[in-house]
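Read through the structure below, which is laid out as structure tokens, and then see the notes.
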Amino acid sequence: MTRVRRGYIARRRRTKIRLFAATFQGAHSRLTRAATQQKMRALVSAHRDRGKQKRYFRRLWITRINAVTRENGVCYSYSRLMHNLYKRQLLLNRKILAQIAILNKNCLHIISNEIIK
């Protein structure tokens, strides 16, 4: 009986997994089964943490905007500022407002005073 040479498809799949897991430590980068399991776990964590990252950044932006609006001395809060922004139809998102709050506090103060009027 002649020898059967295996195809390249399985080897290509394992190579792809090994390239993904190349930076993992120990057996997770060398053994195919462990690397496959670790790859699935890494992808699950990455998917979950993309949502977490969005939430964390939103919280950070809200905190920064709130700190600067309260610092202005006007009896004002983040929620009133956002309410008045929407009422005046000024579409500035929280990311932009937080950047303005950090880089140019006077500009945010001017915006909030214009909205009140």
Inset, instruction - Find out whether Met82 and Leu85 are in side-chain contact, i.e. whether some heavy atom of one side chain is under 4.5 Å from a heavy atom of the other. - result: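 Answer yes - side chains close enough.
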Inset, instruction - Would you indicate whether the side-chain heavy atoms of Tyr78 and Arg94 approach each other to under 4.5 Å? - result: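 Contact flag for Arg94/Tyr78 side chains = yes.
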Legend entry - side chain to side chain contact (heavy atoms under 4.5 Å, CB included), paired with Val68, selected from Leu108, Ile102, Ile100, Leu97: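 Option passing the side chain to side chain contact (heavy atoms under 4.5 Å, CB included) with Val68: Leu108.
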Inset, instruction - For the residue pair Asn113 and Tyr76, confirm or rule out a side-chain donor-acceptor distance under 3.5 Å. - result: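 Looking only at side-chain atoms, Tyr76 and Asn113 do not form any donor-acceptor pair under 3.5 Å.
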Legend entry - side-chain contact (heavy atoms from CB on, under 4.5 Å) partners for Arg5, two or more places apart: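 side-chain contact (heavy atoms from CB on, under 4.5 Å) list for Arg5, sorted by chain: Arg3.
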Minimum heavy-atom distance [X]-[Y], with the two atoms named:
{"X": "Ala35", "Y": "Ala21", "value": "CB-CB, 3.9 Å"}
{"X": "Ser112", "Y": "Leu81", "value": "CB-CD1, 3.9 Å"}
{"X": "Trp61", "Y": "Lys95", "value": "CZ2-CG, 3.6 Å"}
{"X": "Leu43", "Y": "Phe20", "value": "CD2-CZ, 3.9 Å"}

Atom [atom1] in [X], atom [atom2] in [Y]: separation rounded to 0.5 Å?
{"X": "His109", "Y": "Glu114", "atom1": "NE2", "atom2": "CD", "result": "10.5 Å"}
{"X": "Leu92", "Y": "Tyr86", "atom1": "CG", "atom2": "OH", "result": "9.5 Å"}
{"X": "Ile65", "Y": "Gln99", "atom1": "CD1", "atom2": "CD", "result": "10.0 Å"}
{"X": "Arg11", "Y": "Arg14", "atom1": "CZ", "atom2": "CZ", "result": "9.0 Å"}
{"X": "Thr23", "Y": "His28", "atom1": "OG1", "atom2": "NE2", "result": "12.0 Å"}
{"X": "Thr32", "Y": "Arg13", "atom1": "OG1", "atom2": "CZ", "result": "9.0 Å"}

Inset, instruction - Supply the members, apart from Val44, of the Ile/Leu/Val/Met/Phe/Trp/Tyr cluster built from side-chain contacts under 4.5 Å; use none for a lone residue. - result: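 Other cluster members: none.
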Legend entry - Members besides Met40 in its Ile/Leu/Val/Met/Phe/Trp/Tyr cluster (side-chain heavy atoms under 4.5 Å):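 Traced through the cluster, Met40 reaches no other member.
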Could you work out, with side chain to side chain donor-acceptor pair (under 3.5 Å) as the rule, every residue matching [X], not counting sequence neighbours?
{"X": "Lys105", "value": "Glu71"}
{"X": "Arg64", "value": "none"}
{"X": "Ser45", "value": "none"}

Inset, instruction - Determine whether more than 12 heavy atoms belonging to other residues, nucleotides or ligands lie under 6.0 Å from atom CZ of Arg6. - result: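 No, because the 6.0 Å sphere around CZ of Arg6 holds 12 heavy atoms or fewer from other groups.
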Inset, instruction - Would you indicate whether Arg48, at its atom CZ, is surrounded by more than 12 heavy atoms from other residues, nucleotides or ligands within a distance under 6.0 Å? - result: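 Enclosed: over 12 neighbouring heavy atoms sit under 6.0 Å from CZ of Arg48.
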Legend entry - Verdict with reasoning, Lys87 to Asn84, per side chain to side chain contact (heavy atoms under 4.5 Å, CB included): CA-CA 5 Å; Lys87 218 163 52 174; Asn84 290 334; 3.6 Å; yes
Legend entry - From CA spacing to verdict: side chain to side chain donor-acceptor pair (under 3.5 Å), Arg70, Asn66: CA-CA 6 Å; Arg70 289 176 187 273; Asn66 197 18; 3.0 Å; yes
Inset, instruction - Look only at the side chain of Asn93 and the backbone of Ile96, and say whether a donor-acceptor pair between them is shorter than 3.5 Å. - result: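 Yes.
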Inset, instruction - Carefully, step by step, assess Ser29 and Arg18 under the rule side chain to side chain donor-acceptor pair (under 3.5 Å). - result: CA-CA 6 Å; Ser29 66; Arg18 284 218 177 91; over 6 Å; no
